[in-house]
Amino acid sequence: MVELKGLPGFRDFYPEELAARSFLLGVWKEVARRYGFEEYDGPPLEPLELYTRKSGDEIVQQLYEFEDKGGRRVALRPEMTPTLARMVGARAPALRKPVRWFSTPQLFRYERKQRGRLREHFQLNLDILGEVDVLADAELLAAALDIMRATGLDATQVRARVSDRRVLAAIFRHVGVAEETLEPVYGVVDKLEREPRERLEAQLKNLGLEPQTIAGIFEATQLRGIEELEARFGGVPSVSEGIAELSKYLEHLEDLGVREFVDIDLSVVRGLAYYTGIVFELWDAQRKLRAICGGGRYDELLQLIAGVDMPALGFGMGDVVLSELLRDHGLLPKPGRSLDCFVAWLGADGQRHALRATQALRSAGLSVIFEFRDRRLANQLKSADQLGARRAVILGPKEVEEKQARVRDMSTGAERVVRFDELAATLAAELGDG
RNA sequence: GUGGGCGUAGCUCAGUCGGUUAGAGCGCCAGGUUGUGGCCCUGGAGGUCGCGGGUUCAAGUCCCGUCGCUCACCCCA
């Protein structure tokens with residue numbers, strides 16, 4: 001018989017792994033709540049066109065895409081933003097602006113799996129729609145960084161790299177890049193860290209750029225911090241405008257208490273074509289992993305998807321890379337289960353009393369497991385220990401005779417007896433949440 | 001799609017020059033005298049050595065093929 005495995009790039013979540021995932025999704029939802037975002041969701045399966053319209057047909061090879069029984073071309077969602085754009089677009093006039101929504105969809109992509117990149121993942125999407133002020137950009141990044149903090153990561157472990165497509169565009173135009181060449185240049189800049197400079201220079205040359213233009217591009221992308229940017233390009237009017245906004249942005253981040261995480265880094269452009277303004281990525285400080293999170297402003301996407309003119313910005317944060325980083329830093333919750341009571345029993349009458357005690361304790365809201373088999377008390381207590389029980393309730397011939405249960409505190413070993421008719425109320429008061 | 005690495009117990013792995021009944025640790029189950037967990041000791045269950053073929057008196061070990069996993073590239077949430 002052939003062993004039946006799961007599909008490549010799809011995960012089985014054993015309890016310990018699901019605990020880590022739940023922890024992470026819990027942090028996401030908690031911080032989103034603190035920032036006043038509302039949760040929404042959409043269908044996991046969408047018309048293929050929702051994705052091809054924005055990105056062109058070549059994206060199809062990266063999609064889980066097929067024809068359904070009704071002959072429709074459909075795809076498992078690879079990202080949430082188009083669905084969000086459609087949903088918001090459809091009710092745009094009625095929604096109070098700015099819209100602050102978040103979702104934690106499971107997303108799918110058809111591509112070979114590798115470290116930090118599977119065919120399926122969960123991703124927090126947090127978006128603000130209907131606000132042009134750079135305050136919204138700062139609010140968005142602050143939320144992403146507060147999530148880092150809430151998981152226990154600090155500014156020595158995670159960095160936010162911030163760039164601005166308008167500033168980059170202004171600089172690139174200034175050094176001689178033609179309007180229609182901007183996108184391909186972004187594509188080259190995006191590879192800055194992954195490929196040798198000579199290869200990138202060759203690629204830029206192939207785009208028909210002059211040597212001094214190429215030099216200018218490299219110079220710009222090596223700038224770090226607002227001061228360097230100001231010193232080098234502050235004199236260019238179209239650039240200084242963007243610098244002023246970036247300065248405001250950083251000031252807001254200072255006031256929102258997350259400035260220590262943030263670096264200006266013009267080599268960040270983001271892969272997706274729809275970004276229009278400030279963009280950012282979150283990275284582990286050592287840059288050993290992939291980006292933890294990426295996002296920015298996409299003011300024209302709603303026009304494209306929904307025919308609605310509405311500025312927007314948002315980010316996506318996946319569970320895979322972030323989980324790896326948290327594991328590296330020992331920040332995932334410790335494995336192990338917890339249980340309020342384990343009911344142990346001995347003797348012929350013990351079993352029925354154990355069931356009755358269990359039922360009473362469960363009715364009182366406690367989590368309870370009782371022993372299935374008639375076996376030595378030592379092994380029953382060992383089970384209680386393994387199950388993380390806070391109390392063991394022991395029902396043997398003596399206890400049954402006296403109508404009193406023996407209650408053992410599993411952390412201290414202290415024992416006492418409690419009358420059967422008071423057992424549930426007593427333990428519920430002791431162990432219940434409250 | 002391209003290239004590298006790796007396939008031995010549930011997990012992490014050892015296995016010498018090819019040699020007889022394939023091992024360890026962890027985990028699991030049980031025992032260590034009558035009803036008391038964590039530590040310790042002992043025992044047990046659990047393996048088609050990924051699969052197929054070849055060489056050989058003899059293959060986990062060498063050769064060929066194949067499948068799978070993995071990392072990287074491409075691309076990118």
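The chains referred to below are lettered A, B, ... by the order of the sequence lines, with proteins before strands, and numbering in each begins at 1.
- Side-chain atoms of E415(A) and base atoms of U36(B) include a donor and an acceptor less than 3.5 Å apart.
- You won't find any donor-acceptor pair under 3.5 Å spanning the side chain of R109(A) and the base of C76(B), going by distance alone.
- Judged by Watson-Crick or G-U wobble contacts below 3.5 Å, the nucleotide G35(B) has no partner.
- Residue Q404(A) contributes atom CD, which lies 20 Å from atom P of G35(B) at whole-angstrom precision.
- Counting non-hydrogen atoms of neighbouring residues, nucleotides and ligands closer than 6.0 angstrom, the CZ atom of R91(A) reaches no more than 12 such neighbours.
- In this structure, L289(A) places its CG atom 10 Å from P of A72(B), rounding to the nearest Å.
- Regarding F342(A), its CZ atom lies at a distance of 12 Å from the C1' atom of U36(B), rounded to whole Å.
- Pairing partner, A72(B): U2(B), with both Watson-Crick or wobble hydrogen-bond distances short of 3.5 Å.
- In this entry the distance linking CZ of R391(A) with P of G37(B) reads 18 Å, nearest Å.
- The distance from atom CG of L377(A) to atom C1' of U33(B) is 15 Å, rounded to the nearest whole Å.
- Using a 4.0 Å heavy-atom distance criterion, G413(A) is classed as a base contact.
- In terms of phosphate contacts, R376(A) brings no side-chain nitrogen or oxygen within less than 4.0 Å of OP1 or OP2 of C29(B).
- Rounded to whole Å, the distance from CG on L107(A) to C1' on C76(B) is 13 Å.
- For the OP1/OP2 pair of U36(B) and a distance below 4.0 Å, the side-chain nitrogens and oxygens of N379(A) include no atom meeting the criterion.
- Only the P atoms considered, C17(B) is 25 Å distant from U55(B), to the nearest whole Å.
- The nucleotide A22(B) finds no pairing partner, because no Watson-Crick or G-U wobble arrangement with both distances shorter than 3.5 Å includes it.
- Within 4.0 Å of A384(A), counting heavy atoms only, lies no atom of the nucleic acid at all.
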Task: Check against side-chain hydrogen bond (donor to acceptor under 3.5 Å, both in side chains), S267(A) and R161(A) - done: CA-CA 9 Å; S267(A) 67; R161(A) 306 166 68 196; 3.3 Å; yes
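- Nearest nucleotide to the R406(A) side chain, out of C75(B), C28(B), G35(B): G35(B).
- Residue D12(A) contributes atom CG, which lies 15 Å from atom C1' of C11(B) at whole-angstrom precision.
- L346(A) is not listed as a side-chain neighbour of E399(A), based on a closest heavy-atom distance of 4.5 Å or more.
- Closest approach to the Q62(A) side chain among C75(B), C29(B), U36(B) is made by C75(B) (side chain taken as heavy atoms from C-beta onward).
- At a threshold of 4.0 angstrom between heavy atoms, the contacts of R373(A) are confined to the sugar-phosphate backbone, with no base atom among them.
- Rounded to whole Å, the C1' atom of C69(B) lies 40 Å from the corresponding atom of G31(B).
- At a cut-off of 3.5 angstrom, the base of G35(B) holds at least one donor-acceptor pair with the side chain of E399(A).
- No contact: M80(A) has no heavy atom under 4.0 Å from any strand.
- Across the strands present, A30(B) finds its partner in U42(B); the criterion is a Watson-Crick or G-U wobble pair with both atom distances under 3.5 angstrom.
- Contact check for P105(A) versus R77(A): side-chain heavy atoms found under the 4.5 Å cut-off.
- Distances from the side chain of Q386(A) to the nucleotides G37(B), C75(B), C28(B) place C28(B) closest.
- Within the 4.5 Å cutoff, the side chain of E179(A) has heavy atoms near those of the R173(A) side chain.
- Counting non-hydrogen atoms under 4.0 angstrom, L395(A) reaches nothing in the nucleic acid.
- Of all nucleotides present, none satisfies the Watson-Crick or G-U wobble test against A9(B) with each distance under 3.5 Å.
- Both cation-pi conditions hold for R165(A) and Y186(A): the charged atom is under 6.0 angstrom from the six-membered ring centre and inside a 45 degree cone around its axis.
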Open item on the list: side-chain hydrogen bond (donor to acceptor under 3.5 Å, both in side chains) for R375(A) and S383(A)? Distances and angles first, verdict last.
Closed with: CA-CA 11 Å; R375(A) 55 183 192 143; S383(A) 291; 2.3 Å; yes
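- Of all nucleotides listed (C73(B), U36(B), G37(B)), U36(B) comes nearest to the side chain of I394(A).
- Candidate nucleotides C75(B), G35(B), A30(B) were compared by shortest atom distance to the side chain of R375(A), and A30(B) ranks first.
- In this structure, the CG atom of L346(A) is 9 Å from the P atom of U36(B), given to the nearest Å.
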